[in-house]
2 protein chains.
Amino acid sequence: MGEKSSEQLKCDCTIIHEEVIERAGRKMPPEENLYNLAELFKVFGDSTRIKIIWALFEEEMCVCDIAYLLNLTQSATSHQLRVLKQARLVKPRREGKNIYYSLDDEHIEEIFNQGLNHINE
Amino acid sequence: MGEKSSEQLKCDCTIIHEEVIERAGRKMPPEENLYNLAELFKVFGDSTRIKIIWALFEEEMCVCDIAYLLNLTQSATSHQLRVLKQARLVKPRREGKNIYYSLDDEHIEEIFNQGLNHINE
DNA sequence: TTTACATATGAACAATTGCTCATATATATT
DNA sequence: AATATATATGAGCAATTGTTCATATGTAAA
């Protein structure tokens with residue numbers, strides 16, 4: 001009695017593990033941070049965008065250079081750069097008709113390296 | 001003449017930047033690695049899975065505990081644990097009727113921390 | 001062996017995603 | 001001003017994804 005009926009039901013083991021569960025709940029970052037973290041990784045979760053970022057590790061590049069290097073259409077490249085820009089991972093620099101994109105974050109390389117460590121385990 | 005017609009056309013600037021593009025192309029990891037890296041980040045790119053992983057930073061937990069803590073159905077939890085297991089991020093341990101899941105990789109926490117660094121910039 | 005509990009899984013569905021195509025915008029050249 | 005080049009963007013579409021619902025599997029207790 002006194003329990004909210006709309007809540008998830010507790011299993012037998014959940015009652016036993018109550019302390020662990022409560023402690024884990026307290027250590028959890030706020031909902032918003034976890035959501036934003038997932039959104040960031042979602043941006044990394046596409047091989048076209050991974051390739052674009054990797055290309056920019058070398059040097060800034062304009063849209064048509066990226067498209068040529070990665071064998072993409074100009075449109076597809078531009079769409080993906082927009083996603084990367086919105087995630088504050090790349091930034092544009094205009095020079096005449098061209099727009100040069102470069103990486104806008106010093107953590108990306110570290111994140112990628114850790115990711116590769118997992119893959120090559 | 002002699003150029004393959006199926007290839008992406010070079011812009012004027014691409015011809016100018018040929019050296020940079022070629023160098024970036026040489027430094028690019030093999031296609032397969034880039035694909036696998038994207039697949040890994042895709043797994044991180046969902047807030048439910050992020051929450052599950054975060055919960056497991058504290059301690060191993062059985063399916064119903066995770067479901068209760070994160071207010072998920074048993075089915076949804078189980079489906080997502082399967083994705084995490086296939087990506088070799090968690091591993092199961094049977095104990096009677098329960099199956100306890102724990103993290104199976106020491107890089108995850110580092111990847112998450114770098115991700116949070118980017119977000120909180 | 002029957003019953004209950006814990007977990008896994010397949011089908012179905014809505015929502016999201018990445019691409020292409022067509023077109024708009026912006027800049028430079030003539 | 002007219003044309004060409006570089007980039008951005010909206011609509012449309014096929015493919016993928018995360019959830020729910022129903023049910024199957026596996027284990028323990030009665």
Side-chain angles (χ1 to χ4, degrees), chain A residues 8-17 21 34-35 38-53 60-87 90-102, chain B residues 8-17 21 34-35 38-53 60-87 90-102:
Chain A
Q8 178 104 13
L9 284 185
K10 290 184 184 181
C11 301
D12 295 353
C13 58
T14 298
I15 293 166
I16 295 169
H17 299 142
I21 294 171
L34 296 173
Y35 180 80
E39 288 302 302
L40 174 64
F41 288 131
K42 207 172 286 182
V43 175
F44 290 141
D46 175 81
S47 59
T48 299
R49 289 191 292 266
I50 289 274
K51 287 177 196 170
I52 292 176
I53 291 172
E60 70 167 12
M61 285 191 192
C62 63
V63 180
C64 61
D65 286 351
I66 296 170
Y68 175 76
L69 171 62
L70 304 179
N71 204 35
L72 301 167
T73 66
Q74 178 272 318
S75 181
T77 308
S78 197
H79 277 298
Q80 296 297 16
L81 283 167
R82 190 155 78 105
V83 174
L84 292 168
K85 189 170 61 181
Q86 281 171 343
V90 303
K91 59 172 189 288
R93 176 180 73 81
R94 167 145 244 151
E95 188 178 315
K97 284 178 296 188
N98 295 309
I99 298 186
Y100 290 83
Y101 282 89
S102 58
Chain B
Q8 178 105 11
L9 285 185
K10 290 185 184 180
C11 299
D12 295 354
C13 58
T14 299
I15 294 166
I16 295 170
H17 299 143
I21 294 170
L34 295 172
Y35 180 80
E39 288 302 302
L40 174 65
F41 288 132
K42 207 171 286 182
V43 174
F44 290 141
D46 174 80
S47 59
T48 299
R49 288 191 292 266
I50 289 274
K51 286 177 197 170
I52 292 176
I53 291 172
E60 69 168 11
M61 285 191 193
C62 63
V63 180
C64 63
D65 285 352
I66 297 169
Y68 176 76
L69 171 62
L70 304 178
N71 204 34
L72 301 167
T73 66
Q74 179 271 318
S75 181
T77 309
S78 198
H79 276 298
Q80 297 296 17
L81 283 167
R82 190 155 79 106
V83 174
L84 292 169
K85 189 169 60 179
Q86 281 171 344
V90 304
K91 60 171 187 289
R93 175 181 74 80
R94 169 144 243 150
E95 188 177 314
K97 283 179 297 188
N98 296 308
I99 297 186
Y100 290 83
Y101 282 88
S102 58

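The sequence lines fix the lettering, A, B, ..., with proteins before strands; numbering per chain opens at 1.
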Rounded off to whole Å, could you give me the CD1-to-C1' distance for the B/I50 and D/dG18 pair? 15 Å
Short side-chain N/O contact to D/dT20 OP1/OP2 from B/Q74, under 4.0 Å: no
So does B/K42 get a backbone contact from the side chain of B/R49, meaning a donor-acceptor N/O pair under 3.5 Å? yes
Please state whether the rings of A/Y100 and B/H17 are parallel, tilted or perpendicular, taking 30° and 60° as the class boundaries. perpendicular
Taking atom CG of A/D46 and atom CD of B/E39, what is their separation to the nearest 0.5 Å? 9.5 Å
Kindly determine whether B/L70 and B/I52 satisfy side chain to side chain contact (heavy atoms under 4.5 Å, CB included), including the steps that lead there. CA-CA 8 Å; B/L70 304 178; B/I52 292 176; 3.7 Å; yes
Between A/T48 and B/Y100, who's closer to the 5' end of DNA chain C by nearest nucleotide? B/Y100
Check the distance between D/dA30's C1' and A/D12's CG and give it to me in whole angstrom. 15 Å
Of the nucleotides D/dT19, D/dC21, D/dT7, which one has an atom closest to the side chain of B/S75? D/dC21
Roughly, in whole Å, what's the span from CD1 in A/I16 to C1' in D/dA28? 13 Å
Taken to the nearest whole Å, CG/A/D46 to C1'/D/dT16 is 12 Å
What is the separation between atom CD on A/E39 and atom P on D/dT17, rounded to the nearest whole Å? 16 Å
Find out whether A/I50 and B/F41 are in side-chain contact, i.e. whether some heavy atom of one side chain is under 4.5 Å from a heavy atom of the other. yes
Residue that, paired with A/S78, satisfies side chain to side chain contact (heavy atoms under 4.5 Å, CB included) out of A/R82, A/Q80, A/Q74: A/Q74
Does any non-hydrogen side-chain atom of A/R93 lie less than 4.5 Å from one of A/S102? no
Interatomic distance, B/K51 NZ vs D/dG18 C1' [rounded to whole Å]: 13 Å
A/I21 side, atom CD1; A/K10 side, atom NZ - distance, nearest 0.5 Å: 8.0 Å
Just how far, in rounded Å, is C1' of D/dT20 from CZ of B/R82? 15 Å
Between B/I66 and B/L81, is there a side-chain heavy-atom distance shorter than 4.5 Å? yes
Under 4.0 Å from any heavy atom of chain B: name the first and the last nucleotide of DNA chain C that qualifies, 5' to 3'. C/dC5 to C/dG10
For B/K42, report the nucleic acid contact type (base, sugar-phosphate, nothing); a contact means any heavy atom under 4.0 Å. sugar-phosphate
Near DNA chain C, under 4.0 Å by heavy atom, which residues of residues 92-99 of chain B? B/K97, B/N98, B/I99
